[in-house]
2 protein chains.
Amino acid sequence: MIDIRQLNYFVTVAETQHVGKAAELLHLSQPPLSRQISLLEQELGVALFIRHPKGVSLTAAGEQFYQDAKGLLAGLAQACRNAQHVAEGKSGSLAIGFMMHAAYNVVPGLTKAFMQQYPQVSLRLQEVIPADLLKRVQKGDFDAAIMLKPGPVTGIEQLNIGQEKLALVVPLTHPLATAKNIRAKDLDQQPLIATPKEVAPELRGAVDEYCIQAGFTPRVVLETQLQQSIVSFVAEELGIALVPEAVKKASPANVVFRDIPKAPRVDYVLVWRSDNSNPALARLIELAQARLNP
Amino acid sequence: MIDIRQLNYFVTVAETQHVGKAAELLHLSQPPLSRQISLLEQELGVALFIRHPKGVSLTAAGEQFYQDAKGLLAGLAQACRNAQHVAEGKSGSLAIGFMMHAAYNVVPGLTKAFMQQYPQVSLRLQEVIPADLLKRVQKGDFDAAIMLKPGPVTGIEQLNIGQEKLALVVPLTHPLATAKNIRAKDLDQQPLIATPKEVAPELRGAVDEYCIQAGFTPRVVLETQLQQSIVSFVAEELGIALVPEAVKKASPANVVFRDIPKAPRVDYVLVWRSDNSNPALARLIELAQARLNP
DNA sequence: CGATCATGATACAAAAAAGGTATGGAGATA
DNA sequence: TATCTCCATACCTTTTTTGTATCATGATCG
């Protein structure tokens, strides 16, 4: 079988037009080189060189093979570099899922920094409802996800990457829109719009917990599958809601965001499968850590 | 150094995800395969596989290298085929020079047939003044030339590929344009337009010889470097000429071609350097011979 | 025109590399 | 816990490659 060494030998002989000189360049004695060239010709079933008394020159077939061989050698070198780059996480691809709220907060900063530092890595970012994120990381669909902190999960690692307060969002016309001081108690009996527990358990849990701490049971009048809808429904005056404050950035003008006392906080985490060996993931984790402790 | 065998081994393992199975496919026992894979990883400095208890799977770097390796193996096979095709003359390139007169006669038929039979060979056809043709074949600029038969030349081989009569060309207004019978003697004292001896010695030789045989010395009033010009000058009524009769195909309407008695004949030959090993040339020669003796 | 020089090819022994057999070790499975 | 399935390692055998010495051939030069 033809091998790379033979291609190298061949290219060197082709370039020097001289077996002896080529052997020297290859740190080799002349006879084995002669023999390898003969073997190559035999394997191809094609004469590659014309033997002159003062050296050798390429046949037409040899000329063609020389061009191809050079390309192959360059291709091999490139393949090695590619593999090494991917191994270092400097190139390759990285699939990241995130929940919609994170898009207003941690996702832009982190991904922008990553793309800047590792431009050769092709990022695939996808927004997914929170309840599916973890499953799809476990399944291997995503290398990582950015989501609200779940409890500990076996086989999954987590890294805190940000915290956010929940804020009260009310329609412009609502009394609480203009109230001087807002107390937790004021939410008692108010019609709440919230995420169902199945969709974003951590977020809904934080809302419920807040109400219970304040001494009342939340009156949830509407649950929306799609995160984006909550603020829209508030705008339509169907109720009020507690949402991460960064959602304000993408909200219409006819709703008001108000701070609430002892506002519950939600933690954003980067999660990944502990056995995921994608080196680009390692670079992302490093970067996330570096952003925490600059 | 990485070699083709290792790439083959690697690809097979990558495709089976199983060292043992791959070894079987490769007609090899398992340990050497394990070893070659390890060596490859060591040479690259990159882990290509993750070892599971039930087999192996590619790392991100391995995935990249797998794609590249497959490409390289395919490229090598293609390179071998290319060389073989060129060696058989089925592909490659062929540079042919020809003199202008041949363009009306033997060149189209021969090249058309060749292109049809060997479509992968890229033909480079170039018209050159006859005097330069042989030099440029000897120099190696052309693999072959189509020209008027020169004397024997050392290092050059020739093959007759066609013969053509010379015809008299006169302006429409010339007495000989309408004469019933034309005799050689009628050309005596006529102003002749001809190629200089340095440009196309065989052609000029044939003209001079014809006149001398007829018992007079030709009166050449104009010599043109460019073959194409002769008929134009005849059309301009500057003189008359003896040219290969196929030139009629590319002549204006205001000249007349007349047969002459015992018309001199010129031989077209295909010439090439005897040490030219371009296999496509061998195919061209074969084809030219086949067209002579169908 | 013959001696000499340079070039690539061949012969055979030495070295290196790859392959085969036997066995170890780690994780899954029952 | 015992066993089974993998891949890795150890060690020897076989094959391949290399190096040294020598040959054959065509060019060069006195």
Side-chain angles (χ1 to χ4, degrees), chain A residues 1-59 61-62 65-66 138 154-155 273-277, chain B residues 1-59 61-62 65-66 154-155 273-275 277:
Chain A
M1 199 58 196
I2 291 174
D3 91 63
I4 297 289
R5 183 174 10 91
Q6 288 178 313
L7 293 186
N8 242 321
Y9 289 0
F10 165 73
V11 166
T12 307
V13 174
E15 285 172 354
T16 56
Q17 308 230 322
H18 194 294
V19 180
K21 292 250 174 25
E24 217 172 303
L25 286 176
L26 292 163
H27 309 292
L28 196 71
S29 63
Q30 171 263 319
L33 183 53
S34 267
R35 220 168 89 73
Q36 289 302 326
I37 296 292
S38 299
L39 282 175
L40 179 59
E41 289 179 312
Q42 202 175 311
E43 284 164 321
L44 282 172
V46 163
L48 297 171
F49 290 105
I50 304 167
R51 276 72 170 174
H52 302 290
K54 288 196 78 72
V56 297
S57 65
L58 287 168
T59 61
F65 195 66
Y66 170 65
Q138 287 172 317
T154 56
R273 258 173 61 166
S274 26
D275 66 351
N276 186 322
S277 66
Chain B
M1 200 57 195
I2 291 174
D3 94 64
I4 297 289
R5 183 171 9 91
Q6 288 179 315
L7 292 185
N8 243 320
Y9 289 1
F10 165 72
V11 166
T12 307
V13 174
E15 285 172 354
T16 56
Q17 310 229 320
H18 193 294
V19 180
K21 294 248 169 40
E24 219 173 301
L25 286 175
L26 292 163
H27 309 292
L28 197 73
S29 64
Q30 170 264 318
L33 182 53
S34 268
R35 218 160 76 78
Q36 290 301 327
I37 295 293
S38 298
L39 281 174
L40 179 60
E41 289 180 312
Q42 201 176 310
E43 284 164 320
L44 282 172
V46 163
L48 297 170
F49 290 106
I50 303 166
R51 276 70 171 174
H52 302 291
K54 288 196 80 73
V56 297
S57 66
L58 287 168
T59 60
F65 196 65
Y66 171 64
T154 56
R273 258 171 63 164
S274 27
D275 66 351
S277 66

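Chain A is the first sequence line, chain B the second, and so forth, proteins listed ahead of strands; every chain is numbered from 1. Values below: every heavy atom of this structure, side chains too, minus hydrogens, waters and symmetry copies.
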Which nucleotide sits closest to the side chain of A:Pro53: D:dC7, D:dT18, D:dA27? D:dA27
In terms of the nearest nucleotide of DNA chain D, which residue is placed more toward the 5' end: B:Val56 or A:Ser29? B:Val56
Less than 4.5 Å apart, side chain to side chain, heavy atoms only: is that true for B:Tyr66 and B:Val13? no
Whole angstrom value for the distance that separates P of D:dG26 from CG of B:Asp275: 15 Å
Base, sugar-phosphate alone, or nothing: which one does B:Gln30 contact when heavy atoms must sit under 4.0 Å apart? base
Distance check needed: D:dT17 P versus A:Tyr9 OH, whole Å only. 9 Å
Are B:Val19 and B:Val56 close enough that some pair of their side-chain heavy atoms sits under 4.5 Å apart? yes
Interatomic distance, A:Arg35 CZ vs D:dT20 P [rounded to whole Å]: 16 Å
Any side-chain heavy atom of A:Leu40 sitting closer than 4.5 Å to one from A:Gln36? no
May I ask you to decide if the ring planes of A:Phe49 and A:Phe10 are parallel, tilted or perpendicular, using 30° and 60° as cut-offs? tilted
Over all strands shown, is A:Phe49 touching base, sugar-phosphate only, or nothing at heavy-atom distances under 4.0 angstrom? nothing
Nearest-Å distance for atom pair NE2/P, residues B:His18 and D:dA8: 12 Å
We want to know whether A:Ser34 and A:Gln30 form a side-chain donor-acceptor pair, criterion being a heavy-atom distance below 3.5 angstrom. yes
Looking at every heavy atom in both B:Ala47 and B:Thr59, which two are closest together, and how far apart are they? O-OG1, 2.8 Å
Please give, in whole Å, the distance from D:dC7 P to B:Lys54 NZ? 10 Å
Using the heavy-atom set of chain B and a strict 4.0 Å cut-off, write down the first and last nucleotide of DNA chain C that makes it in, 5' to 3'. C:dA18 to C:dA28
What is the distance, rounded to the nearest whole Å, between atom CD1 of A:Ile50 and atom P of D:dG26? 16 Å
Classify the nucleic acid contact of B:His52 as base, sugar-phosphate or nothing, counting any heavy atom under 4.0 Å across all strands shown. nothing
Tell me: CG of A:Leu33 to P of D:dT20, nearest whole Å? 15 Å
With a 4.5 Å cut-off on side-chain heavy atoms, are B:Glu15 and B:Val11 touching? yes
Roughly, in whole Å, what's the span from CD in B:Glu41 to P in D:dC7? 13 Å
